[in-house]
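Taking it in order: structure first as structure tokens, then the write-up.
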Amino acid sequence: MKKISSVILSLLLTSALCVSVACPAFAASNNKIGRYDFNITNPYETVDWDTWKAYKGATHVHTVRSDGNVELNDMIEEYYSKGYQALALTDHGTVNYSWTKDQTRLSIFGYQYFVHGNIDELSEARYQQITTGSDRGGDGMTEIPLGIELNGSSSAKCHVNSYFADCGHGDLEIDSTWPEDAIRKSQNAGGICHINHVGEWTEGKSDINTYNADFVTKYANLFLNYSSCIGMELVNTTDNRTHNDRYLYDETLKVTAPKGRNVWGFCEDDSHDYEDVENNAQYFIMPENNAANIRTSMENGTFFACSKNAKTDYELGNGFSAEGAFPMISRVAVDNEANQISINPYNAQTVKMIADGQVIAEKTVSSDNETITFDLNEYENQINSYVRIFVLGKGGICYAQPFLVTKTEYKTSTVQFNIPYADATLRFMDSEGNVLEPINSENYFLVTAGSYSYTVEKDGYQTKSEKLTITQATVNAGLQIRVDVTLTKNPGPLTVSDTTELIHGFDILQSITEPVNESVGIKLGTHFEYKDPTKPKTGDTVKIVDDATGNVVKTYTVVVFGDVNGDGIYDGRDATMVSMIIGGMLTPDAAVKLAADCNHDGVINSDDLMLLEEAGVMLSSVAQKDEIKTSSIFEEYSSLISQDVEPDEPAAEEEEKTEEAVTEEKPEPTAKPASPLKKLFETIVSFFGYMLGILD
């Protein structure tokens, strides 16, 4: 059926490549191309995920050496039985010099003698078993040396855990109200430290307004001024004292991250009783389980902090009850070119990403170790200097360490090809012909200044080949170029007869330029000329012309089947001419004669006439290459408008004729000329067909 004016459709099909500078925020499926480029600092960059392992550790633990209610050896055994692989004893004001050494209590904790008697350290033999893991398949539990909770008896409880340094033993700092002295003490001794349960000593656990701008600035300066202060507790025990400290954490990162200072988050048992054990854990990612690697992991942030309790609504919620193992992460990857962070969680259901204290993204985990990717360009207006990611599951929460980011206007230009066909093949090449790879599945390419070319191919369509130039100014501005590719349907090779000098097989809706070039085989030094290459018509000529002399080498006459009168369309007027040819009233030339054979059967007869009549009322089409398909609808339509004259009723006296006479053969009734109504209808259809150029 006819669908659209050939003039309009021709304009659509011959529209060329459109290149325009679009607004800098395209959305693509894999790599979002945005206005900004992000340089992401990955704390896990040094990790070899294929060979390193995650080792479960506890780094805030008390015993009867200070105010704990569990014997030293029993507390160690409890953590060992829970599968921990690293342990730091951090009694108040008391350096852990050894798990086996007989170590006298500080006098302030002398009351413990009357409650628990002497301290029960590990035997040397048991120490060797635990630290080597000889009784659990070689999976030992490393003693993190010289652990202590500094400012151990401060009435303000501004406590700091220090490791790997002999400092602060016996310095209870009862009157301390700020942790800076303790931090300085650890740093001067060559240790590392983190700040404990801030909500308890600031009343932040009950009043988040305690963390006002003045406090946050002062608090952030602790991390900016002391490199040994590596982080703070995010969750302590069951989170009763620290549930607002994640707010403080984000407020602190908003100050430190723009200055390039990261702050690691810890989840600590702060265990004093058995019931405190395994509420929390650090998982150190290391090549081998030893004290030196643990220190490196703590300093570099190559660990995850896990908890069974995180009571804010955007985390686990106040009524959450953990079941099973902590959720964990098996791999972290950063792609700075794509501005993406990917993690592979397990024992997990949900992954969330935070920027500036707000959850900006949430994704569901469908299977263990599935790759979950966050493209920062997708959230670029919500991100400033850092993002942090945590994983939620039935067993609790797992915090990855923050990723610092620097955000700049895009200085790399991109080209995106918009191709309306998924099965089209695109080749994008630089000036040397090297094929470039897209950065995502939606045909985005990162480009530098230079000359490029591309080709787009699809079965049944003409190959599109164009050149593209990217200027340095475009790259400097970080502009994104969008290339809208329009493909022209390939009409296929034309039929060329050198004997009759006829050329036919045109798709009447297409430009003839490329089909003619393909079929007549234009040689070097020649070109062809055609009056109107956007619309082939019967009787037009295609001339092959010598470039040098301008002489016509060969002339072909165009044939468009059905276009008998040479106006570029086929309709009722063409049917009239076919009728005249059939009746012998018109002698056609070779081109017209071939055009009148609408059904390609080698003769011009009523079948060709009927096909054109159908086309005149838009019920059929004249194929230029395909098999002819007539329309049963037209036959029904013809019967409805038939004006054939019915035979007259016989006279009464004729009814009395003998049976022999009645059986005599009667002549066929003659048809009256078509009614004026039918002629008017055909004329109207023909007129609109002519005006609109309605074709296939």
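Only a predicted model underlies this, so the values are computations on that prediction, with no experimental measurement involved.
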- Lys352 charged N/C atom sitting above Tyr314 aromatic ring, 6.0 Å / 45°: no

Give the C-alpha distance, both sets of side-chain angles, the deciding distance and a yes or no for side chain to side chain contact (heavy atoms under 4.5 Å, CB included) between Thr252 and Tyr211. CA-CA 10 Å; Thr252 302; Tyr211 302 137; over 6 Å; no

_Quiz item: cation-pi between Lys407 and Tyr36, 6.0 Å / 45°_ = yes

Separation between OG (Ser342) and CD1 (Ile329), nearest 0.5 Å, reads 11.5 Å

Going by an N to O cut-off under 4.0 Å, is there a salt bridge joining Glu315 and Lys311? no

Ignoring hydrogens and angles, state whether a donor on the side chain of Glu121 or Asn73 is under 3.5 Å from an acceptor on the partner side chain.
no

message: side chain to side chain contact (heavy atoms under 4.5 Å, CB included) for Glu149 and His62? Distances and angles first, verdict last.
response: CA-CA 9 Å; Glu149 186 163 17; His62 297 281; 2.8 Å; yes

Between the CD1 atom in Ile397 and the CG atom in Asp239, the distance rounded to the nearest 0.5 Å is 9.0 Å

Hits for ring pair (Phe, Tyr, Trp, His ring centres under 6.0 Å) against His169, two or more places apart or cross-chain, chain-then-number order -> Tyr97

Item to complete: Hey, can you tell me if Trp178 and Trp201 have their rings parallel, tilted or perpendicular (30° and 60° cut-offs)?
Response: perpendicular

- prompt: Would you call the rings of Tyr79 and Tyr84 parallel, tilted or perpendicular if under 30° counts as parallel and over 60° as perpendicular?
  reply: perpendicular

Is Arg105 salt-bridged to Asp91, cutoff N-O under 4.0 Å? no

>> Between the side chains of Arg126 and Asp135, is the shortest nitrogen-to-carboxylate-oxygen separation below 4.0 Å, so that they form an ion pair?
In response: yes

